[in-house]
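Okay, so here's the structure we're looking at.
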Amino acid sequence: MENVNAHPIVWSRETGAAEKRDVWTALKRGFRGRCPRCGQGKLFRAFLKVDDHCSVCQLDFTPHRADDLPAYLVIVIVGHIVVPTILWIETDYSPSVPLQLSIYLPLTLILSLVLLQPVKGAVVAIQWALRMHGFDEQNPTE
């Protein structure tokens with residue numbers, strides 16, 4: 001049987017000692033589209049394109065792996081806002097179907113587009129704060 005990892009991982013006190021990263025601070029900074037470490041540099045270079053590095057503190061953003069999680073989270077958030085609103089209006093006022101569609105579809109689209117970038121920034125910031133996907137400088141595998 002062949003070993004998968006040629007170099008065994010050895011953890012020590014020095015390996016575990018690293019800077020403290022506050023998850024809530026990073027989450028707020030990422031939600032605002034700012035660097036999770038310094039809070040001043042921009043996180044995005046385009047609408048959903050994460051920049052390669054922070055322009056202020058030079059934090060490397062290339063290890064992030066947000067993938068489809070931001071889209072799933074936006075679907076859940078928007079669904080929890082729109083569906084109760086639809087049910088409330090339908091049961092109390094019972095407007096016509098064309099009127100409902102002319103209100104709910106644009107509302108859903110606008111909420112989704114408004115929330116997508118902040119949620120993706122928050123996901124990248126949480127990955128940085130929890131040292132996920134290469135955001136750990138003390139990683140003993142390297």
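Remember, predicted model here, so these are calculated numbers, not experimental data. Only heavy atoms go into these numbers, but all of them, side chains included; no hydrogens, no water, no symmetry mates.
Between Ala125 and Gly30, the shortest heavy-atom contact is CB-CA, 3.8 Å. Nearest heavy-atom pair, Gly41 versus Cys38, reported as atom, atom and distance to 0.1 Å: N-SG, 3.6 Å. Closest approach of Ala122 to Leu27, counting heavy atoms only: CB-CD1, 3.5 Å. Between Gly79 and Pro84, the shortest heavy-atom contact is O-CD, 3.7 Å.
Taken from OG1 in Thr91 to CD1 in Ile86, the straight-line distance is 11.5 Å, to the nearest 0.5 Å. The distance from atom CG of Leu105 to atom CD1 of Ile110, rounded to the nearest 0.5 Å, is 11.0 Å. One finds the OG1 atom of Thr108 at 11.5 Å from the CD1 atom of Ile75 (value rounded to the nearest 0.5 Å). Taking NZ of Lys49 as the start and CZ of Phe44 as the end, the distance is 11.5 Å to the nearest 0.5 Å. Remark: Ser102 OG to Leu107 CG distance equals 11.0 Å, nearest 0.5 Å. To the nearest 0.5 angstrom, Leu69 atom CG is 8.5 Å from Ile126 atom CD1.
Considering only heavy atoms from C-beta on, Leu43 stays 4.5 Å or farther from Cys35 through its side chain. In this structure, the side chains of Pro70 and Leu115 stay at 4.5 Å or more apart for every pair of heavy atoms. At a threshold of 4.5 Å between non-hydrogen side-chain atoms, the residues Asp52 and Phe61 do not count as touching. Side-chain contact between Tyr104 and Ile89: present, with at least one pair of heavy atoms (C-beta onward) separated by less than 4.5 Å. Residues Cys54 and Asp51 are not in side-chain contact: their nearest non-hydrogen atoms beyond the backbone lie 4.5 Å or more apart. In this structure, the side chains of Arg34 and Gln40 stay at 4.5 Å or more apart for every pair of heavy atoms. With contacts defined as side-chain heavy-atom distances shorter than 4.5 Å, the pair Pro98/Leu101 does not qualify.
Of the possible donor and acceptor atoms, none in the side chain of Lys120 sits under 3.5 Å from a partner among the backbone N and O of Ala66. Within the 3.5 Å criterion, the main-chain N or O of Arg37 finds a donor-acceptor partner in the side chain of Arg29. Remark: side-chain polar atoms of Gln117 are paired, donor with acceptor, to backbone N or O of Phe47 under 3.5 angstrom. A donor-acceptor pair under 3.5 Å is absent between the side-chain atoms of Thr25 and the main chain of Asp22, judged by distance alone.
When hydrophobic clusters are built by joining Ile, Leu, Val, Met, Phe, Trp and Tyr residues whose side-chain heavy atoms come closer than 4.5 Å, directly or via intermediates, Val50 is not grouped with Leu116. Hydrophobic clustering of Ile, Leu, Val, Met, Phe, Trp and Tyr side chains at less than 4.5 Å, counting indirect connections, unites Leu111 with Leu48. Placement of Ile81 and Val74 within a single hydrophobic cluster is found when ILVMFWY residues are connected by side-chain heavy-atom separations under 4.5 Å, directly or transitively. Both Ile103 and Trp88 are part of a single hydrophobic cluster, where members link through side-chain heavy atoms under 4.5 Å apart. Put simply, Tyr72 and Val82 are part of two different groups of oily side chains (I, L, V, M, F, W, Y) that touch within less than 4.5 Å, one to the next.
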What's the verdict on side-chain contact (heavy atoms from CB on, under 4.5 Å) for Leu130 and Phe135, showing C-alpha distance, side-chain angles and the deciding distance?
CA-CA 8 Å; Leu130 298 178; Phe135 279 121; over 6 Å; no
Test log, rule side-chain contact (heavy atoms from CB on, under 4.5 Å), inputs Leu113 and Leu109:
CA-CA 6 Å; Leu113 290 176; Leu109 178 68; 4.2 Å; yes
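Here the rule is side-chain contact (heavy atoms from CB on, under 4.5 Å) with Met132, and of Gln127, His64, Arg65 only Gln127 fits it.
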